[in-house]
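These notes are about the structure you will find just below.
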Amino acid sequence: MRRLLVPLLAAAPALAHPPPGIAPVGMAPVHDARVKGRGASGKQPSPAGVAAGRAFTFGASRTPLAEIQAALARDKLDGWLLTDRGGEDEVAEGLVAPRGSIARRWFYLIPATGEPMALAHRTEADAFTRLPGRTISYDGWRALDGQLRALIKGKRRLAMAWSPRGALPSGAGVDGGTVDAVRAAGAQVFSSGDLLTLVGARLSDVQRSSLLVAARQLEALRDEAYRRILEATIAGAALTEGGLAHQIAEGMASRGLEGAQPPLVAVDEHTADPSYRPDRAGGAVIHPGALVRIEIAA
């Protein structure tokens, strides 16, 4: 065989498919740098919310309040303003995790220095009492602007789930009207993308160990795939894309590996088609001199 290319994707998609018994990390991962991950069922993993005391818990990671504030100071930001209404921004809701079902607009400000502060409707303010800092309330939408001004008074540079020109849609969960209200209150708005990465895109020690185990197992599967291609070519046997992909999938199952997508084997012109998926036993035959692409992740 003159040409044989088998790239290996030995990765455990953060926020998507940890091995059984290991909690998902809520941030995003790998798939297009998103913060919101999808599990095998397609549903959003449930973040663990905010731990008592001064540590934020998001998925299996825990970021102390002091570390968030240090990041704000480093980026010359006066605070991180999280907000949601009725679960529209799943990231903000998961990070702050107020008790119960909150229907009205709320804000949670983490300042670069000092105690955090929540702003919520008077009837829902109790949902924030277990969080670090204190809570102020408003009685109706007409009073919200004034209380928002009080909340961010003196804060000129705030991070929010906003992206310039919508360049990172998955990190822009705040609607334009709310951003307008914050700007009208005297603050500039900046993207909170780096902060979301800080609190949600880090692996726990258990997950890191699992990642290394998965990588070693995927390397073994890669070597087996090479051997099968070589043996089939020498013997003149018809090994197809789908047949080899199925053998790799069986190897993953026997090793306890879990993947978001089944293994992919593509030959020649199929290697240039990102949507190509052969049938279980079908597809092109891997022949001497073929260009072969194998994708496996777990």
Side-chain angles (χ1 to χ4, degrees), residues 26-28 34-36 44 46-51 54-59 61-73 75 77-121 124-125 127-138 144 147-153 155 157-163 168-183 185 187-201:
M27 300 256 4
R34 287 182 296 179
V35 173
K36 295 182 287 185
Q44 180 76 16
S46 299
V50 179
R54 299 174 181 271
F56 280 87
T57 300
F58 191 39
S61 65
R62 176 171 295 182
T63 304
L65 181 61
E67 190 172 345
I68 297 173
Q69 292 181 315
L72 289 167
D75 292 339
L77 293 168
D78 296 316
W80 184 6
L81 187 61
L82 293 145
T83 181
D84 183 45
R85 182 178 67 86
E88 292 175 351
D89 187 347
E90 293 177 340
V91 175
E93 184 185 40
L95 275 169
V96 179
R99 288 198 301 264
S101 179
I102 308 301
R104 299 172 178 84
R105 172 68 61 185
W106 58 262
F107 294 88
Y108 190 73
L109 174 66
I110 304 174
T113 58
E115 291 289 319
M117 184 181 297
L119 169 61
H121 190 271
E124 298 174 329
F128 297 84
T129 54
R130 72 185 181 90
L131 300 174
R134 63 189 183 92
T135 302
I136 60 175
S137 62
Y138 65 94
L144 180 57
Q147 290 295 70
L148 178 60
R149 289 178 181 275
L151 177 71
I152 65 175
K153 183 179 181 180
K155 308 293 189 295
R157 295 168 57 87
L158 291 176
M160 296 186 70
W162 169 84
S163 175
L168 185 62
S170 57
V174 180
D175 65 276
T178 302
V179 173
D180 288 342
V182 171
R183 288 170 172 162
Q188 290 180 275
V189 175
F190 299 85
S191 173
S192 60
D194 289 345
L195 294 165
L196 292 173
T197 299
L198 172 69
V199 302

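Position 1 is the first residue of the sequence; numbering continues from there.
By the salt bridge (charged side-chain N to carboxylate O under 4.0 Å, His left out) test, R85 is found to be paired with E88, residues two or more places apart in sequence or in another chain being considered. In this structure A181 satisfies the side chain to side chain contact (heavy atoms under 4.5 Å, CB included) test together with D145, L148, sequence neighbours excluded.
Within a 6.0 Å radius of CZ in R134, other residues, nucleotides and ligands contribute 12 heavy atoms or fewer.
Separation of atoms OG (S191) and CG (L196) is listed at 7.5 Å; rounding is to 0.5 Å. Here CG of D89 is found 8.0 Å from OG1 of T83. Values are rounded to the nearest 0.5 Å. Residue Q188 holds its CD atom at 13.5 Å from CE of M160, rounded to the nearest 0.5 Å. Taking CD from Q147 and CD1 from I136, the interatomic distance works out to 5.0 Å, rounded to the nearest 0.5 Å. Of the inter-residue distances, the one linking E93 atom CD with W106 atom CH2 reads 7.5 Å to the nearest 0.5 angstrom. With rounding to the nearest 0.5 angstrom, the CG atom of L82 is 7.0 Å from the OG atom of S192.
In this structure, the side chains of H121 and Y138 come closer than 4.5 Å at one or more pairs of heavy atoms. Here the side chains of L119 and L144 are in contact, with some heavy-atom distance below 4.5 Å. For the pair L151 and L81, the minimum side-chain heavy-atom distance is below 4.5 Å. Counting only heavy atoms from C-beta outward, the side chains of I152 and V182 approach each other to under 4.5 Å. Here the side chains of P116 and L131 are not in contact, with every heavy-atom distance at 4.5 Å or above. For the pair D75/F190, no side-chain contact is recorded, criterion being any heavy-atom separation below 4.5 Å from C-beta on. W80 has its side chain within reach of L95: a pair of non-hydrogen atoms, C-beta onward, lies under 4.5 Å apart.
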**From CA spacing to verdict: side-chain contact (heavy atoms from CB on, under 4.5 Å), W162, T178** = CA-CA 10 Å; W162 169 84; T178 302; over 6 Å; no

**Message:** Set out, in order, the CA-CA distance, both residues' side-chain angles and the distance that settles side-chain contact (heavy atoms from CB on, under 4.5 Å) for D84 and I102, then state yes or no.
**Reply:** CA-CA 9 Å; D84 183 45; I102 308 301; over 6 Å; no

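When the options L109, L72, V189 are evaluated for a side chain to side chain contact (heavy atoms under 4.5 Å, CB included) with L158, the one that passes is L109.
For residues 104-113, the set of pairs meeting the salt bridge (charged side-chain N to carboxylate O under 4.0 Å, His left out) definition, not counting sequence neighbours, comprises R104-E124, R105-D175.
Side-chain atoms of T129 never come within 3.5 Å of backbone atoms of A125 as a donor-acceptor pair (strictly under, hydrogens ignored).
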